[in-house]
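Accompanying notes for the structure given below.
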Amino acid sequence: MQGVWHELAALVLPVDCAGCGRPRTELCAECRRVLARDGRGARRVRPWPSPVGLPRVWAGAPYADEVRAVLLAHKERGALRLAGPLGAVLAGAVRGLRAGDGPQLLVPVPSARRSVAGRGHDPVRRIALAAAMELRRAGAEVRVLAALRQRRVVADQAGLSARQRMANVAGALVVPGGAGRLLAGQPAVLVDDLVTTGATLAEAARAVAAAGGRVSGAAVVAAPRSAFAVGGEQREPISRGSRRGGKVTQMEPGAPRGCRHPSGRAMFGCEDLASVLPRMSG
């Protein structure tokens with residue numbers, strides 16, 4: 001019911017752009033361009049360190065600035081009409097996976113029941129439905145199957161390190177009863193609004209595989225900038241220094257501990273990254 005009131009209010013009250021605050025438009029042309037990465041579209045991302053069992057992940061845009069604001073407006077403030085443009089971004093990530101020309105299932109990562117009740121809607125499922133509609137317009141045979149459930153309560157992921165997030169969600173998801181039969185015979189694409197460490201997507205992949213499903217990859221609306229690795233570049237762990245080509249590269253003063261790009265520039269630390277992103281998903 002809460003979601004219905006949000007939609008009615010949006011029809012009669014003046015709104016500002018969810019991304020930048022520009023008046024009298026729910027999402028301005030400039031913010032739509034940012035969501036599309038200036039026309040570059042989705043690309044493969046690699047959270048690092050990647051948890052065991054994480055499938056291939058494609059993301060639509062870096063989680064920052066306007067993209068972050070739009071996702072939060074849809075998720076936490078009930079700006080439900082943003083599901084359309086966010087679904088278009090997610091559809092681009094699904095296309096990037098190239099999971100095949102046959103039927104596909106989009107399997108949303110579930111939210112806790114208390115979270116859905118508090119928000120008045122399930123944001124990931126809503127975005128997944130919009131993405132499926134976008135893909136079907138282009139001729140794809142796609143449907144959404146909400147097959148995953150939380151089997152136990154998990155702690156809020158905010159402030160947890162990558163390792164702590166993995167422990168927090170381990171064994172937390174399950175495919176109940178007959179939903180397993182619906183997974184058989186079709187590739188499943190896991191979908192979420194945001195990937196940070198990849199722990200939740202890895203757990204979702206485990207649960208789908210345990211029920212007899214076949215995960216062809218994962219698609220998300222957004223990922224941290226650091227996960228948008230260029231080509232095959234890998235980030236390597238650094239404590240006090242690292243030897244490359246006979247040289248020892250020391251940590252710069254004030255740089256966060258844990259990770260550095262091969263080029264030598266400072267990056268978010270592996271453990272630090274999870275703590276600076278607000279809780280949206282794993």
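Predicted model, so just to flag it, every value in this text is computed and none were measured.
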Residues pairing under side chain to side chain donor-acceptor pair (under 3.5 Å) where one sits in residues 166-179, two or more places apart or in two chains, turn out to be Gln157-Asn168
Could you check if a side-chain atom of Met166 sits within less than 4.5 angstrom of a side-chain atom of Val52, using non-hydrogen atoms only? no
>> I'd like to know if the side chain of His74 reaches the main chain of Val124, judged simply by a donor and an acceptor atom lying under 3.5 Å from each other, with no hydrogens or angles considered.
In response: no
| said: Counting C-beta onward and ignoring hydrogens, is there a side-chain heavy-atom pair between Asp193 and Leu86 closer than 4.5 Å? | reply: no
- Flag the pair Val144 / Pro108 as yes when at least one side-chain heavy-atom distance between them is below 4.5 Å, and no otherwise. yes
Side chain to side chain donor-acceptor pair (under 3.5 Å) pairs touching residues 127-137, sequence neighbours excluded, are Glu134-Arg137
Sequence neighbours excluded, the answer for side-chain hydrogen bond (donor to acceptor under 3.5 Å, both in side chains) partners of Glu30 is Arg33
query: Less than 4.5 Å apart, any side-chain heavy atom of Val107 and any of Val189?
result: no
Sequence neighbours excluded, the answer for side chain to side chain contact (heavy atoms under 4.5 Å, CB included) partners of Ala222 is Tyr63, Val67, Leu71, Leu194
I'd like to know whether Thr197 forms a side-chain hydrogen bond (donor to acceptor under 3.5 Å, both in side chains) with Arg163, so could you lay out the CA-CA distance, the side-chain angles of the two residues, the decisive distance to 0.1 Å, and finally the verdict.
CA-CA 9 Å; Thr197 64; Arg163 185 174 302 173; over 6 Å; no
Residue set satisfying side chain to side chain contact (heavy atoms under 4.5 Å, CB included) with Ala223, at least two apart, ordered chain then number -> Val45, Ala59, Val195, Ala227, Phe228
Between Val89 and Gly60 the two heavy atoms that sit nearest each other are CG1-CA, 3.6 Å
For Ala170 and Arg152, the nearest pair of non-hydrogen atoms, with its separation, is O-NH2, 2.7 Å
Residues 51-66 vs salt bridge (Lys or Arg N to Asp or Glu O under 4.0 Å), sequence neighbours excluded, gives Asp65-Arg225
For residues 203-218, which side-chain donor-acceptor pairs fall under 3.5 Å, sequence neighbours excluded?
from: Glu203; atom 1: OE1; to: Gly171; atom 2: N; distance (Å): 3.1
from: Glu203; atom 1: OE1; to: Arg206; atom 2: NE; distance (Å): 3.0
from: Glu203; atom 1: OE2; to: Gly171; atom 2: N; distance (Å): 3.3
from: Glu203; atom 1: OE2; to: Ala172; atom 2: N; distance (Å): 3.1
from: Glu203; atom 1: OE2; to: Leu173; atom 2: N; distance (Å): 3.1
from: Glu203; atom 1: OE2; to: Arg206; atom 2: NE; distance (Å): 3.3
from: Glu203; atom 1: OE2; to: Arg206; atom 2: NH2; distance (Å): 2.7
from: Arg206; atom 1: NH2; to: Leu173; atom 2: O; distance (Å): 3.0
from: Ser216; atom 1: OG; to: Ala188; atom 2: O; distance (Å): 3.4

Correct closest heavy-atom pair for Ala219 and Ala93 would be CB-CB, 3.7 Å
Criterion side-chain contact (heavy atoms from CB on, under 4.5 Å) on Arg126 and Asp122, from CA distance to verdict = CA-CA 6 Å; Arg126 185 179 290 271; Asp122 185 335; over 6 Å; no
The side chain to side chain contact (heavy atoms under 4.5 Å, CB included) partners of Ala140 (sequence neighbours excluded) come to Leu135, Val142
key: Basic-acidic side-chain contact under 4.0 Å: Arg22, Asp16   = no
By side chain to side chain contact (heavy atoms under 4.5 Å, CB included), Ala131 pairs with (sequence neighbours left out) Leu90, Ala91, Leu106
